[in-house]
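Computed from a predicted structure; not experimentally measured.
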Amino acid sequence: MPSKSSARLAALTVAAVCTAASTVVLTSPAHADSVRIHDIQGDTRISPYAGQAVTDVTGIVTGVRTYGSSRGFWIQDPAPDADPATSEGVFVFTGSTPKGVAVGDAVTVSGTVTEYVPGGTSSGNQSLTEITRPAFTVVSSGNAVPAATPITARSVPAAYTPVPDGSVNDLRLHPARYALDLYESLEGMNVQVSDTRVVGATDPYTELWVTVKPWEHRNLRGGTVYGSYGSQNTGRLQIQSLGRAADFPDANVGDTLAGRTAGPLDYNQYGGYTLVAGELGTLRSGDLRRETTRAQHGSELAIATYNVENLDPSDDTFGAHAAAIVNHLRSPDIVSLEEIQDNNGPTDDGTVAADRTMALLIDAIEAAGGPRYDWRSVDPADKEDGGQPGGNIRQAFLFNPARVSFTDRPGGDATTPTDVVKVRGRAALTLSPGRVDPASEAFADSRKPLAGEFTFRGRTVIVVANHFASKGGDQSLTSQYQPPSRGSETQRHLQAQAVHDFTAKVLKAQKNAHVVALGDINDFEFSRTTDILEGRGVLWSAIKSLPKSERYSYVYQGNSQVLDQILITPSIRRFSYDSVHINAEFHDQISDHDPQILRFRP
């Protein structure tokens with residue numbers, strides 16, 4: 001058999017044809033007879049037969065997918081070779097609902113070996129080896145399906161992948177050494193997990209995440225914490241179903257899929273390696289409860305940040321958000337809201353005002369038994385701040401006028417920056433509310449920071465509400481490129497520098513000024529973005545006061561991680577911090593973010 005690398009180079013010397021945006025078909029005049037599935041898969045990620053026609057490939061059907069854009073069936077060779085690096089399964093892509101084929105059929109398949117890249121080649125995703133343009137014959141039916149290969153804590157290595165500082169496509173697989181190699185060596189095969197804990201709640205696309213490593217960075221609520229770039233949590237695995245969406249369980253973090261979950265191992269755009277289950281375990285509840293923080297003492301100022309996920313007047317979640325603020329956050333004195341949309345949401349007609357959105361939320365909070373909040377914000381220029389098209393998301397301050405007062409200094413608008421001046425020995429904003437450096441390239445097509453000056457018990461507190469650029473476009477942890485590229489960081493680094501510099505200006509005017517910079521930072525507490533924000537003694541991310549197992553505000557692909565942060569200046573010494581887990585771990589979340597709250601005595 002030719003080496004996988006040499007065959008790939010040969011295929012690339014002939015015409016390469018890209019179809020759609022996410023499939024790469026390498027065309028070649030070559031033709032292979034009497035090829036087994038493990039020959040097609042080879043011992044690296046790219047098939048040595050990519051682009052070649054193959055004839056009469058034999059296997060047993062282990063799963064049939066009749067929905068979505070990737071319809072077809074999986075086959076597996078019941079007579080494996082002795083090489084653990086070569087998969088014995090492969091997906092046969094039919095394009096339309098496959099007819100005349102069922103699980104347990106013995107088939108012969110002829111077609112073209114194709115490397116399909118979910119999400120397109122620009123995504124950096126790994127490719128999935130498939131047989132396309134197939135002709136198949138059912139030889140017999142009712143055969144035993146090849147036994148599912150168990151994926152267990154002992155079988156998944158602790159190391160994620162070799163780090164070649166480039167593509168791993170041509171590296172030989174070492175499934176006993178690296179987790180990504182193990183999963184790749186099982187691509188297309190019938191696999192199983194047993195009694196696995198849910199670490200990512202069921203989402204609207206009927207997917208959830210489990211871990212086969214019960215103690216891998218486990219927190220007290222059953223999640224798996226992502227605490228560094230070098231610790232990817234190798235036991236995580238996405239679960240989908242070959243059955244009806246209505247039959248898929250509504251799972252929360254900490255629940256268990258008891259018994260056996262089994263089916264072919266796929267690779268997709270939104271989660272990498274995925275067990276597509278023809279057999280699902282039984283959901284057992286972990287009885288996860290939404291958290292409630294303590295109320296602030298009379299002498300404590302309570303400041304929270306809460307991403308309300310594209311809230312606009314057409315939503316039916318105002319009551320739920322109000323209950324979260326009143327009952328779970330215990331009515332903070334100040335709430336920095338992110339993703340407040342304009343008065344008609346995604347309707348793109350030039351509307352930028354959000355007074356109706358804010359009024360509905362304030363009314364709902366009062367109806368839920370909370371205080372009658374007041375609010376301040378600055379309307380963005382139309383379509384200049386990113387987010388959902390037409391929505392014009394922005395940050396806004398809610399504040400309880402019975403507890404704090406807002407210092408209004410007029411003139412703030414979408415393009416006029418606020419500045420810092422020294423008045424009677426104290427730092428003050430020239431515009432309040434006002435935007436921080438809105439013309440900077442750091443905030444192009446992104447939310448501009450909102451600064452406001454508050455007074456609590458005679459002390460001034462300057463609050464800067466942020467919503468940094470998202471991670472959209474970054475390569476996934478399962479990317480063919482290792483380490484994966486995080487290109488979105490470039491803009492966040494510029495944004496962090498701008499907020500750091502603004503805070504430093506406040507501290508230059510008043511060394512002991514109380515500044516709170518908070519919001520959806522869209523980056524981790526251990527990231528370079530946070531390092532830049534903090535600088536040398538300018539700010540400090542208060543979530544780092546929590547034990548590492550409690551540092552998270554978001555769950556993505558089974559990793560509980562920090563995206564939302566509250567940063568404070570050195571004069572804020574005695575404080576309490578809480579990440580209030582009410583959303584990210586639950587299938588019925590009203591936002592994908594958990595709010596954060598800081599309490600201190602100015």
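Residues Asn219 and Ser549 bring no donor and acceptor atom of their side chains to less than 3.5 Å of each other. In summary, the side chains of Ser96 and Thr94 do not present any donor paired with an acceptor at a separation below 3.5 Å, with no hydrogens or angles considered. Side-chain N/O atoms of Tyr273 and Glu187 include no donor and acceptor closer than 3.5 Å. Counted by atom type alone, Ser485 and Gln475 present zero donor-acceptor pairs between their side chains at under 3.5 Å. Ser167 and Asp170 share no side-chain donor-acceptor pair at under 3.5 Å. Donor-acceptor pairing under 3.5 Å is lacking for the side chains of Ser591 and Tyr306. For the residue pair Ser314/Asp312, the side-chain donor-acceptor check at 3.5 Å is satisfied.
Ile151 and Tyr183 get closest at one heavy-atom pair: CG2-CE2, 4.1 Å. Here the shortest heavy-atom pairing between Ala262 and Asn190 reads C-OD1, 4.4 Å. The minimum heavy-atom distance linking Ser185 with Pro175 is given by the pair OG-CB, 3.7 Å. When all heavy atoms are compared, the tightest approach of Val90 to Thr129 is CG2-O, 3.6 Å. When all heavy atoms are compared, the tightest approach of Gln232 to Asn559 is O-ND2, 3.7 Å. Contact between Gly63 and Leu242 at its shortest, heavy atoms only, is CA-CD1, 4.0 Å.
Partners of Thr206 under the side-chain contact (heavy atoms from CB on, under 4.5 Å) rule, at least two apart in sequence or in another chain, are Ala245, Phe248. Listed by chain and residue number, nothing satisfies the side-chain hydrogen bond (donor to acceptor under 3.5 Å, both in side chains) test with Asp56 (two or more places apart in sequence, or in another chain). Remark: Phe73 pairs with Phe136 by the ring-ring contact (aromatic ring centres under 6.0 Å, His included) rule, at least two apart or across chains. Residues satisfying the side-chain hydrogen bond (donor to acceptor under 3.5 Å, both in side chains) criterion with Thr317, sequence neighbours excluded, are absent altogether. Considering only residues two or more places apart in sequence or on other chains, Ala251 meets the side-chain contact (heavy atoms from CB on, under 4.5 Å) condition with Val198, Thr202, Leu208, Asp255, Leu283. In this view, Gln491 and Ser446, Ala469, Gln495 satisfy the side-chain contact (heavy atoms from CB on, under 4.5 Å) rule, not counting sequence neighbours. Contacts of Asp247 classified as side-chain hydrogen bond (donor to acceptor under 3.5 Å, both in side chains), with partners at least two apart in sequence or in another chain: Arg244. With sequence neighbours excluded, the residues forming a ring-ring contact (aromatic ring centres under 6.0 Å, His included) with Phe526 are Tyr226, Tyr229, Phe524, listed by chain and number. Take Trp74 and apply the ring-ring contact (aromatic ring centres under 6.0 Å, His included) test, not counting sequence neighbours, and it matches Phe91. Qualifying side-chain hydrogen bond (donor to acceptor under 3.5 Å, both in side chains) partners for Glu88, counting only residues two or more places apart in sequence or in other chains: His38. Shown here are the ring-ring contact (aromatic ring centres under 6.0 Å, His included) partners of His217, two or more places apart in sequence or in another chain: there are none.
Sorted by first and then second residue, the side chain to side chain donor-acceptor pair (under 3.5 Å) pairs involving residues 98-110 (not counting sequence neighbours) are Asp105-Ser141.
At distances below 3.5 Å, at least one donor-acceptor pair connects side-chain atoms of Asp594 with backbone N or O atoms of Ile582. Using modelled atom types, no side-chain atom of Glu525 and backbone atom of Gly227 make a donor-acceptor pair closer than 3.5 Å. No side-chain donor-acceptor contact under 3.5 Å links Thr211 to the backbone of Pro214. Of the possible donor and acceptor atoms, one in the side chain of Ser553 sits under 3.5 Å from a partner among the backbone N and O of Asp564. Judged purely by atom type and a 3.5 angstrom limit, Thr256 has no side-chain atom pairing as donor or acceptor with the backbone of Ala258. Checking side-chain atoms of Thr234 against main-chain N and O of Pro157 turns up a donor-acceptor pair under 3.5 Å. Using modelled atom types, no side-chain atom of Thr196 and backbone atom of Val193 make a donor-acceptor pair closer than 3.5 Å. Checking side-chain atoms of Glu291 against main-chain N and O of His581 turns up a donor-acceptor pair under 3.5 Å.
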*asked:* Before you tell me yes or no, could you show the steps for Asn268 and Gln238 under side-chain contact (heavy atoms from CB on, under 4.5 Å), namely the whole-Å CA-CA distance, both residues' side-chain angles and the distance that decides it to 0.1 Å?
replied: CA-CA 10 Å; Asn268 69 46; Gln238 184 171 237; 3.3 Å; yes
*Would Asn233 and Thr224 count as a side-chain hydrogen bond (donor to acceptor under 3.5 Å, both in side chains) if you check the C-alpha gap in whole Å, the side-chain angles of each, and the deciding distance to 0.1 Å?*
CA-CA 7 Å; Asn233 295 318; Thr224 297; 5.6 Å; no
*Using the side-chain contact (heavy atoms from CB on, under 4.5 Å) rule, take Gln565 and Phe468 through it: C-alpha gap first, then chi angles, then the decisive distance, then the call.*
CA-CA 11 Å; Gln565 300 189 49; Phe468 284 5; over 6 Å; no
*Chi angles and distances behind the side-chain contact (heavy atoms from CB on, under 4.5 Å) call for Trp209, Gln557*: CA-CA 7 Å; Trp209 287 77; Gln557 295 185 350; 3.4 Å; yes
*Go through the steps for Asp588 and Arg290 under the test salt bridge (Lys or Arg N to Asp or Glu O under 4.0 Å), then give the verdict.*
CA-CA 11 Å; Asp588 56 348; Arg290 287 177 162 85; 2.9 Å; yes
*Show your working on salt bridge (Lys or Arg N to Asp or Glu O under 4.0 Å) between Arg36 and Asp77 and close with a plain yes or no.*
CA-CA 8 Å; Arg36 304 280 291 276; Asp77 194 327; 2.7 Å; yes
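One finds a salt bridge joining Asp43 and Arg172 here, because a Lys/Arg side-chain nitrogen approaches an Asp/Glu carboxylate oxygen to under 4.0 Å. With respect to Lys383 and Asp348, a salt bridge is recorded, a charged nitrogen being found less than 4.0 Å from a carboxylate O. A salt bridge links Asp523 with Lys471: the distance from a Lys NZ or Arg NE/NH1/NH2 to an Asp or Glu carboxylate oxygen falls below 4.0 Å. Look at Glu279 and Arg260 and you find a salt bridge, because one of the NZ, NE, NH1 or NH2 atoms lies within 4.0 Å of a carboxylate O, short of that distance. Ion pair Arg45/Asp181 flagged as a salt bridge, since at least one NZ, NE, NH1 or NH2 atom sits closer than 4.0 Å to an Asp/Glu carboxylate oxygen.
Atom CG of Asn583 is separated from atom CD of Glu585 by 10.0 Å, given to the nearest 0.5 angstrom.
Residues Val64 and Pro98 meet the side-chain proximity criterion, which asks for heavy atoms closer than 4.5 Å. Two residues are said to be in side-chain contact when any heavy atoms from C-beta on lie closer than 4.5 Å; Asp195 and Leu257 fail this criterion. In this structure, Arg551 and Ser560 have side chains that are not in contact, with every pair of non-hydrogen atoms separated by 4.5 Å or more. Arg71 has its side chain out of reach of Thr66: every pair of non-hydrogen atoms, C-beta onward, lies at least 4.5 Å apart. Two residues are said to be in side-chain contact when any heavy atoms from C-beta on lie closer than 4.5 Å; Pro134 and Phe93 fail this criterion. Using a 4.5 Å heavy-atom threshold, the side chains of Val113 and Gln52 count as separate. In this structure, the side chains of Val139 and Val107 stay at 4.5 Å or more apart for every pair of heavy atoms. Looking at heavy atoms from C-beta onward, Ile239 lies in side-chain contact with Leu275 at the 4.5 angstrom threshold.
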